Asker: 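Okay, here's the structure, questions in a sec.
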Amino acid sequence: MPEYTLPLPQPTILHQPMWDAFKQHRLVVQRCRACDMMFIFAREHCPRCWASDLEWYEVSGRGRLYTYTTVRQPMHPAFNELVPYVYAIVQLDEGPRLPSNLVNVPIEDVQVDMPLRVVWDDVTSEFTLPKFEPDPDGLPRRMPHQTGATRVHASGVPAYTPAPA
Amino acid sequence: MDKSLRGKGAIIGIGELRPMRRRPDRTGIGLAAEVAIEAIADAGLLKEDVDGLITELALGEPAALAEYLGIRPRWAHGVNMFGATAAIMVPLATMAVSTGMANNVVCVINTPAGDVLPGMGAPNTYQANYEFPYGPGVAQNSNYAMIAQRHMFEFGTTQEQLAKIAVDQRFNAQANPLAAFYGTPLTVDDVMNSRMVSDPLKLLECVMPTTGAAAMVITSADRAKAGPHPPVYLLGAGVSIEHGIPPAHAIKMVDTPVKFSARQAFQNAQLSPRDMDMLSLYDCYTITVAVSLEDAGFCKKGEVGDFASSMDFTYKGNLPLNTHGGQLSFGQSGLAGGFSHVIESARQMMGRAGDRQVEKLDFCFVNG
């Protein structure tokens, strides 16, 4: 494998379980067992009810493109040779949003609200990044007035299924 | 007892440097001292009169600046609220002078004097685990570009409508000799033809980093009229925090906490958006001004595109906005960039804005 030169994650004890799950190609978010709140910004307490009974919850890996930009001048110089590329925010079907990259789609075909699904990029033996590609099985892109308010405080969360050990 | 800050403190002196790309001949603390001395003199005060100090929360300040200036403040504070730092200093200093913690508070922000080109910096744990592995753009370009992209999707806002904001502000800068882009007018075509930096943001919709510094003196209402200039009273203030630099998990990326802070400020002041004669809105990018106009209540959410097209934001216009040029045309000197909005508002309210003086001016709205 050629040496990977782009910045790697710097997990703290809070983030390590997430990166461990990504390595197994499981897309996880933090979920509060007390109130079902789901979020990606790792914490020790639920931002809604302040409970500390949190778990890493596996989500479907399907979502929609909330917004994006085409990066032409990267923050980190290691990305310079990759420009232009799409830096995106993906809204997962379960509610939380996360930054990522779009792959397997020409830049000119990228549109806000397009359906997406996760693909895994095993960048090193230690780290796997979740990236997203167009989902041919997703609901078609909606007009803005059909997208409604963004639901971050997800309710009606599906029952928790522990990931296989 | 009246607990509001309404009318209890006023800006009585200002000092500001012309933003420059580099000041290799100067030190950061030297720039800070220069504007502090200028503002104290502008307020008609002596060194001995200054007993309060608020600075940016760089390591060691405000102690380092007090020591450098040879003053002994009996009340001091360091603050870093990103672009809102300077705006927040106004109620903070007013709280001090209205409670007797200090009589005359000097507020100072400077940038390092050397190279200010945006660097990468060490990522915080959020950036390191959620953003940097995917290659965000330099500075805040991609975050604000994504706000603009979403705004365009939800409301049909166009690039030309956003460009108009930069163009009107540049017109204003042509009457401000301190502005970095003084002498360089701009058209909508110029903005549209400028290099794309992070779609849909063009180069001329983004601030240019500069070095600079600014300072002001705030005193209590009973002292305010003694100075050489008309005092500029604080009538209302509000602060709202939802998240840090606009991240993916903002509740709605096209909304800002300005809707809460502005509402509180207007309530304190017992005024409404339509009472305002001029606006100084934080402008790191054109989209920042656009969403602030909506959230502060100057137009409805989603309608800022048409609003920007139909309003004249120049100092001669029906809604003067960022009459100094805004950071987009004045230059963004780090946290002192947001100070330029406060300084310009005070200068205009004192009637000292020269060729760009807004004629009818009773009330001004500032955000950071």
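Bear in mind that the values here come from a model prediction, so they are computed numbers and not experimental data. Each chain gets a letter, A, B and so on, in the order the sequences are listed, and its residues count up from 1.
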Asker: Just so I understand: if I count every heavy-atom pair under 4.5 Å between each of B:A148, B:S142, B:G135, B:A128 and chain A, which residue has the most?
Answerer: B:G135
Asker: Under 4.5 Å from any heavy atom of chain B, what part of A:A42 do you find: side chain, backbone, both or neither?
Answerer: both
Asker: Checking side chain to side chain contact (heavy atoms under 4.5 Å, CB included) for the pair A:H15/B:Y130: CA distance, chi angles, key distance, verdict?
Answerer: CA-CA 10 Å; A:H15 306 96; B:Y130 299 99; 3.5 Å; yes
Asker: If we only count heavy atoms from C-beta on, is the A:Q111 to B:F153 side-chain gap below 4.5 Å?
Answerer: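 When only atoms from C-beta onward are counted, B:F153 and A:Q111 do not touch, as no gap falls below 4.5 Å.
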Asker: Please report the closest heavy-atom contact between A:P99 and B:E131, naming both atoms and the distance.
Answerer: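 Looks like CG-CG, 4.1 Å.
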Asker: Report, by ascending residue number, the residues of residues 189-208 of chain B in heavy-atom contact with chain A at a distance under 4.5 Å; give 'none' if the set is empty.
Answerer: B:R195, B:M196, B:V197, B:S198, B:D199
Asker: Sort A:L98 into side chain, backbone, both or neither according to what part of it lies under 4.5 angstrom from a heavy atom of chain B.
Answerer: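 Contact with chain B is through the backbone of A:L98 alone.
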Asker: Please identify, among B:A145, B:G156, B:P136, B:P133, the residue contributing the most non-hydrogen atom pairs under 4.5 Å to chain A.
Answerer: B:P136
Asker: Which of the residues A:T70, A:L82, A:V71, A:L129 is involved in the greatest number of heavy-atom pairs with chain B at under 4.5 angstrom?
Answerer: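 Ranked by heavy-atom pairs under 4.5 Å with chain B, first place is A:T70.
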Asker: Do other residues, nucleotides or ligands put more than 12 heavy atoms under 6.0 Å from the CD atom of A:E81?
Answerer: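 No, the 6.0 Å shell around CD holds no more than 12 heavy atoms from other groups.
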Asker: Just to verify, what does B:Y134 make a side chain to side chain donor-acceptor pair (under 3.5 Å) with, not counting sequence neighbours?
Answerer: none
Asker: Does B:N129 reach the main-chain N or O of A:Q10 with its side chain, forming a donor-acceptor pair under 3.5 Å?
Answerer: yes
Asker: Which atoms of A:Y87 come close to chain B, meaning under 4.5 Å heavy atom to heavy atom: side chain ones, backbone ones, both, or neither?
Answerer: both
Asker: Select one option (side chain, backbone, both, neither) describing which atoms of A:Y85 are under 4.5 Å from chain B's heavy atoms.
Answerer: side chain
Asker: A:P47 versus chain B, heavy atoms under 4.5 Å apart: side chain, backbone, both or neither?
Answerer: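 When you check distances to chain B, no heavy atom of A:P47 falls under 4.5 Å.
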Asker: Under the criterion side-chain contact (heavy atoms from CB on, under 4.5 Å), which of B:Q149, B:M152, B:E154 is the partner of A:T67?
Answerer: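 In the set B:Q149, B:M152, B:E154, the residue that makes a side-chain contact (heavy atoms from CB on, under 4.5 Å) with A:T67 is B:Q149.
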Asker: With no hydrogens and no angle check, is any side-chain donor or acceptor of A:Y68 less than 3.5 Å from a backbone partner on B:R150?
Answerer: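 Not a single qualifying donor-acceptor pair exists.
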Asker: Rounded to the nearest 0.5 Å, what separates atom CD1 in B:I147 from atom CD1 in A:I89?
Answerer: 8.5 Å
Asker: So, for A:R97 and B:M253, which heavy atoms are closest and what is the spacing to 0.1 Å?
Answerer: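 Closest pair (atom of A:R97, atom of B:M253, distance): NH2-N, 4.2 Å.
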Asker: Quick one: pull up CE in A:M75 and CZ in B:F132 and give me the separation to the nearest 0.5 Å.
Answerer: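 One finds 4.0 Å between CE of A:M75 and CZ of B:F132.
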